[in-house]
*Asks:* 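There's a structure below that I have some questions on.
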Amino acid sequence: MQGLSRLFTRLYGIRLVPRDTLPGETWHPDVRRLDVISDTDGHVAVLYCDLFYRADKSPNPAHFTVRCSRQISEQEIHEAAQAISNRREEASTDAAIAEANDGMHVSKQVGSVKQLPTIALVCDFHHERSTKNEPALLHYYQMETLFHEMGHAIHSVLARTSLQNVAGTRCATDFAELPSTLMEHFCADPTVLQMFARHYETDEPLPYELVSERLQVLKRFEASDRENQIIMAMLDQQYHALRPGQTDFESTGVYHSLQRTYGKLPPDAEGTRWQGFFGHLFGYGSTYYSYLFDQVLSERVWRVVFSAGQNGSALNRANGERLKENLLKWGWKSRSLEDERLINGDEKAMRLVGSWGIQDDRHD
Ligand SMILES: [Zn+2]
């Protein structure tokens with residue numbers, strides 16, 4: 001968490017500060033609170049981290065917006081003041097603001113009062129506490145998960161829209177996985193790892209060759225996984241393209257036929273119905289493709305905005321500001337990549353982004 005805090009300080013001028021919790025503030029003693037503090041705006045968010053395995057806990061890593069950021073309107077404050085007066089208590093402005101936001105944290109910047117985002121990060125890391133007080137030693141993929149979820153969290157933290165229902169991760173699903181998959185690039189970057197990855201006993205820095213070797217091994221089967229993701233994205237589109245009342249629909253047939261037509265790997269065995277286990281086919285409601293779409297976009301952002309980490313670009317404040325202003329605060333703007341062709345966000349723009357995933361565009 002200290003490493004993430006240092007990364008965010010370098011990129012956005014914000015840091016994560018541990019805070020004790022009040023009795024009853026959290027849902028379990030394992031939960032740790034971090035306050036997000038900005039160099040310029042002070043306290044900007046509250047983050048609850050519940051990172052370790054418990055038998056009664058969902059095993060899926062996730063980011064929850066307990067509350068999104070939003071503007072608290074004059075009228076709400078006025079109504080709250082009224083309610084306080086009706087109780088025959090003194091309705092100071094501060095009391096009215098506290099009442100309008102249920103007593104939770106607000107930021108009072110020039111001209112507007114903002115409800116601060118409250119975020120929960122939930123993971124499932126195993127931590128053997130019995131063994132000589134060792135720290136939780138995460139595998140690479142666990143650290144990647146933490147960075148990914150933190151990518152969602154920072155999106156919620158830096159969002160500054162007036163309305164909560166379009167703040168941060170509540171953007172169009174097309175872009176929801178962009179900040180999180182971008183963080184996976186940071187997590188593999190040697191300058192980022194240098195900031196915190198040290199041996200817990202000897203304090204030796206982690207030799208980067210060990211990391212790159214592991215990454216090479218992990219990448220060996222990347223193509224088959226990607227093929228599977230493409231077929232899932234197509235399947236999701238086909239299931240949601242049905243006409244009402246169409247009677248010859250058979251979900252297994254659609255799935256297996258996609259595998260036969262587009263797959264290089266052998267299709268699933270006859271009589272099996274794997275698609276029935278895959279909850280994202282209804283959870284995403286026809287936008288499952290956004291995962292692949294965002295991997296393509298975040299690769300591009302990593303290369304164009306952060307120069308793929310060359311010469312310390314992964315820790316450059318100007319690059320961080322560019323991402324914050326053009327993506328995290330108000331949602332995606334075409335200026336994020338300074339590519340005229342993306343401005344309209346229309347079919348042509350979508351086609352272009354799609355082509356980046358297929359062709360190597362490093363030279364265009
Ligand atoms: Zn995600």
Side-chain angles (χ1 to χ4, degrees), residues 1 3-4 7-8 11-12 16 34 36 45 47-53 57-69 117-125 138-159 161 164-189 192 215 218 222 225-226 228-230 232-233 235-236 277-302 305-306 323-324 327-329 331-332 336 353 357:
M1 293 319 251
L4 282 160
L7 172 63
F8 292 149
L11 288 179
Y12 309 121
L16 309 172
L34 296 170
V36 187
L47 195 63
Y48 292 104
C49 300
D50 185 4
L51 303 182
F52 296 107
Y53 166 86
K57 202 174 139 183
S58 158
N60 301 320
H63 148 277
F64 298 97
T65 43
V66 180
R67 291 190 150 200
C68 284
S69 104
T118 304
I119 295 144
L121 281 193
V122 178
C123 290
D124 189 40
F125 303 143
L138 303 186
H139 289 287
Y140 181 81
Y141 71 88
Q142 293 177 313
M143 184 182 69
E144 192 181 61
T145 299
L146 190 58
F147 269 64
H148 178 104
E149 297 307 332
M150 263 306 206
H152 287 306
I154 205 70
H155 195 187
S156 301
V157 165
L158 296 175
T161 54
Q164 59 84 21
N165 58 331
V166 288
T169 46
R170 294 187 183 176
C171 58
T173 317
D174 277 4
F175 300 116
E177 293 295 335
L178 205 174
S180 54
T181 52
L182 180 65
M183 282 294 283
E184 295 173 17
H185 291 280
F186 281 93
C187 150
D189 183 80
V192 174
L215 290 174
L218 288 174
E222 204 182 20
D225 179 51
R226 189 129 307 158
N228 192 38
Q229 291 296 314
I230 292 170
M232 283 302 124
L235 183 66
D236 180 46
F277 292 103
F278 194 55
H280 287 329
L281 289 172
F282 62 84
Y284 271 78
S286 85
T287 57
Y288 186 67
Y289 68 87
S290 56
Y291 214 90
L292 282 167
F293 188 78
D294 288 352
Q295 282 180 325
V296 172
L297 273 177
S298 63
E299 232 251 79
R300 186 90 179 181
V301 170
W302 174 242
V305 181
F306 294 96
L323 190 72
K324 180 159 93 177
L327 177 69
L328 302 171
K329 265 186 167 174
W332 174 265
S336 312
V353 174

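Both counts, for ligands and for their atoms, begin at 1 and track the order of listing. For reference, positions follow the sequence shown, starting with 1.
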*Asks:* Ring centres under 6.0 Å, that's the criterion: do Phe8 and Phe186 meet it?
*Replies:* no
*Asks:* With rounding to the nearest 0.5 Å, note down the distance linking CD1 in Ile154 to NZ in Lys324.
*Replies:*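 Rounded to the nearest 0.5 Å, the CD1-NZ separation comes out at 9.0 Å.
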*Asks:* Looking only at N, O or S atoms, which one in His148 sits nearest to the Zn ion (ligand 1)?
*Replies:*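 Sorting the N, O and S atoms of His148 by distance to the Zn ion (ligand 1) puts NE2 first.
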*Asks:* Relative to the Zn ion (ligand 1), which of the N, O or S atoms in Glu177 is the closest?
*Replies:*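 Result: OE1.
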*Asks:* From the Zn ion (ligand 1) out to just under 2.8 Å, does an N/O/S atom of His63 turn up?
*Replies:* no
*Asks:* Counting distance only, does the side-chain N/O of Gln142 pair as donor-acceptor with the main-chain N or O of His139 below 3.5 Å?
*Replies:* yes
*Asks:* With Ile119, which of Ser69, Cys68, Ser156 fulfils side chain to side chain contact (heavy atoms under 4.5 Å, CB included)?
*Replies:*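 For Ile119, the side chain to side chain contact (heavy atoms under 4.5 Å, CB included) check succeeds only for Ser156.
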